[in-house]
Amino acid sequence: MHDIKLIRTEPEKVKAMLATRGVTGFVEKVLALDEKRRAIIVDVEGLKAKRNEVSKSIPQLKKEGKDVAPIMAEMKAVGEEISTKDSALKDIDAELKNILMTTQNLPSETTPVGKDESENVEVKKVGEPPKMDFEPKAHWDLGENLGLLDFETAAKISGSRFSLYRGQGAKLERALINFMLDTHTTENGYTEVMVPYIVKRSTMEGTGQLPKFEEDSFKLMDGDSFLIPTAEVPVTNMYRESILSADDLPIAHTAYTACFRSEAGSAGRDTRGLIRLHQFNKVEMVRICKPDDSYNELEKLLSDAESILQKLKLPYRVITLCTGDTGFSAAKTYDLEVWMPSYGRYVEISSCSNCEAFQARRAEIKFKREAGAKPEFVHTLNGSGLAVGRTFAAILENFQQADGSIKIPEALVPFFGTDILD
RNA sequence: GGAGAAGUACCCAAGCGGCUGAAGGGGCUCCCCUGCUAAGGGAGUAGAUCCGGGUAACGGAUGCGAGGGUUCAAAUCCCUCCUUCUCCGCCA
């Protein structure tokens, strides 16, 4: 959600920033509604003040034996006026909230300006794509040949875009989850949480998935419960409607969850393998901090995500998303992309974002710099650390041997048990 | 899922149409007394959001789980929902 005060005080700046994301007309609409809203408030609150005052005097007048019937009649009329104006105000509030809630965040000044993913900026490349003296196979073929993955059975029981891991495959997925969680908790300073996979509407609104992207979510029959698309949703919302003390910050949580995405609109893309599924595993990192620290925190988040790829010795690159490609709630996003031989290019495996106060404003997460200080909004950040299925795929593809076996990265051996998968 | 009970400020808790922005405790903060970790006395203690205001002083609105309704007036009456607790049923 946007900061209405900023829109009031610096409309031109907001306009310019949103233009880089292809949004126009927003500031004008907001200002018009805001002006209307405030005019009604002044009006209706004056009436309420009057009613309060008169109502308070009625018992005394009664005691004095005066006739209060005319006053009560007058107040009845005032009451009706109040309720008419109150409902007009409610409509404007709803309209204003809707606009503020469905318009994407302002980009950070350090986010490169660009219209789509072609204008994202590469920050660095780490590691080299493996050179193979044989024709590399895709992970779905490797996985099925080794009996690790069974997409046919997954489709039979659940439909397309589901995965089924068997035997050593299931164990590898589990080993990756443990490896990631342990790294984040013991080395990177995160506190692990295990959270519900089903959340309420207000929770989805808090992090920005709703109201705009309802059709992208899995909604339960009651109409107000949703399967989480990422652990960012329940974990960030743990702190919804709270005022934290500065000592609590930064908060750093990591969580493993399954994630559920309808993938509406991506029909035909990445139909094979583990890349794009309705249900996938992810280890997530969430950081909540003071506004002054959030860009340092973003670098920390990024390096924590990178630490997993580095330990696994997977080749990857870091890109900064441009204004046009940055997600709805984010002000700045780094994507980590892992080298995927079957695609012949780098594929997203983590997205690390600073949402600044955008989510905090929606979810009402505040902090006090010191006791008695005025509460301020925190900044929230989230990043994958990492998408587990895609990491699985990357390991299979990058560490495949000529005979179709997979060499397990050394860092993973304590979790997986052996150093070769065949 | 069935039957009951309850949700009031940091915590416990009274109130059940106007005198309650909310009694009384506890806690916390400050002060006094006391030669001192005990005890006693006094004072303070909604925080928050929104609106107005030379954006200051200050004033106003909202607010007793949430949302509606009745009324001149609601913590108090009515309706819906949520949460917690107890018992029963079911279940990992």
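Chain letters run A, B, ... following the sequence lines, proteins first and then strands; every chain starts at 1.
- Ring geometry for A/H278 against A/F162 counts as tilted: the plane angle lies between 30° and 60°, on a 0 to 90° scale.
- The aromatic ring centroids of A/F280 and A/F260 lie 6.0 Å or more from each other.
- A heavy-atom distance below 4.5 Å is found between the side chains of A/L172 and A/F392.
- Atom CZ in A/R174 sits 12.0 Å away from atom CZ in A/F415 (nearest 0.5 Å).
- Straight-line distance from the CG atom of A/L89 to the P atom of B/A61: 15 Å, rounded to whole Å.
- Within the shown strands, B/A43 is the pairing partner of B/U29 under the Watson-Crick or G-U definition, both distances less than 3.5 Å.
- If you take atom P in B/C77 and the same atom in B/C64, they sit 14 Å apart, rounded to whole Å.
- Of the P atoms belonging to B/U71 and B/A5, the separation is 29 Å, rounded to the nearest Å.
- In this structure, A/I82 places its CD1 atom 16 Å from P of B/G60, rounding to the nearest Å.
- A salt bridge links A/E81 to A/K85: at least one charged side-chain nitrogen sits closer than 4.0 Å to a carboxylate oxygen.
- Taking atom P on both B/G25 and B/G40, the two are 14 Å apart, rounded to the nearest angstrom.
- Pair assignment for B/A23 gives none, since no Watson-Crick or G-U wobble pairing has each distance under 3.5 Å.
- Residues A/H2 and A/F358 place their aromatic rings such that the two centres sit under 6.0 Å apart.
- Taking atom C1' in both B/G15 and B/U20, the straight-line distance is 8 Å, to the nearest Å.
- Pair assignment for B/U62 gives B/A48, based on Watson-Crick or G-U wobble hydrogen-bonding distances that are each under 3.5 Å.
- Taking atom NZ on A/K5 and atom P on B/C51, their separation rounds to 7 Å, with Å as the unit.
- Residue A/R201 is classed as having no contact, given no heavy-atom separation below 4.0 Å to the nucleic acid.
- Neither OP1 nor OP2 of B/C72 sits under 4.0 Å from any side-chain N or O of A/N52.
- Spacing between B/G2 and B/C78 at atom C1', rounded to whole Å, works out to 25 Å.
- Distance from the side chain of A/R51 is smallest for B/A73 among the nucleotides B/C50, B/A73, B/G52.
- When the C1' atom of B/U49 is taken as reference, atom CG of A/D3 falls 14 Å away, rounded to whole Å.
- Between A/K90 and B/G68 there is a side-chain N or O to OP1 or OP2 distance below 4.0 Å.
- Remark: B/G7 base-pairs with B/C82; criterion is Watson-Crick or G-U wobble with both hydrogen-bond distances under 3.5 Å.
- Between A/L47 atom CG and B/C51 atom P the separation is 18 Å, expressed in whole Å.
- At whole-Å resolution of the value, NZ in A/K85 and P in B/A61 are 17 Å apart.
- Atom P of B/C85 sits at a distance of 15 Å from the matching atom of B/A13, rounded to the whole Å.
- A sub-4.0 Å separation between OP1 or OP2 of B/U49 and a side-chain N or O of A/K366 is present.
- Both distances falling under 3.5 Å, in either a Watson-Crick or a G-U wobble arrangement, place B/G1 opposite B/C88.
- Summarising the base pairing, B/C77 is matched to B/G69 through a Watson-Crick or G-U wobble pair whose two defining distances lie under 3.5 Å.
- With C1' as the reference atom, B/U55 and B/U37 are 49 Å apart, rounded to whole Å.
- B/G53: no Watson-Crick or G-U partner with both key distances under 3.5 Å is found in any strand.
- Looking at heavy-atom distances under 4.0 Å, A/M72 makes contact with a base.
- Under 4.0 angstrom from either OP1 or OP2 of B/U55 there lies no side-chain N or O belonging to A/R8.
- In this structure, of B/A61, B/G47, B/G18, it is B/G18 that holds the atom nearest to the side chain of A/K62.
- A/K48 contributes no side-chain N or O that forms a donor-acceptor pair with the base of B/G60 under 3.5 Å.
- Regarding A/E364, its CD atom lies at a distance of 14 Å from the C1' atom of B/A66, rounded to whole Å.
- Two residues, A/G79 and A/K374, neighbour RNA chain B, and the one matched to the more 5' nucleotide by heavy-atom proximity is A/K374.
- Nucleic acid contact class of A/V42 (heavy atoms, under 4.0 Å, all strands): sugar-phosphate only.
- B/U34 is unpaired under the Watson-Crick or G-U wobble criterion, no partner having all donor-acceptor distances under 3.5 Å.
- Both A/I243 and A/G46 lie close to RNA chain B; mapped to their nearest nucleotides by heavy-atom distance, the more 5′-ward contact belongs to A/I243.
- Between the A/S353 side chain and the A/A330 main chain, no donor and acceptor come within less than 3.5 Å of each other.
- Taking the charged nitrogens against the carboxylate oxygens, A/K407 and A/D419 have no contact shorter than 4.0 Å, which rules out a salt bridge.
- Following rounding to the nearest Å, A/K368 (NZ) and B/C10 (P) show an atom-to-atom distance of 10 Å.
- Here A/I58 lies in heavy-atom contact (under 4.0 Å) with a base.
- Taking the P atoms as reference points, B/U70 lies 31 Å from B/A14, given to the whole Å.
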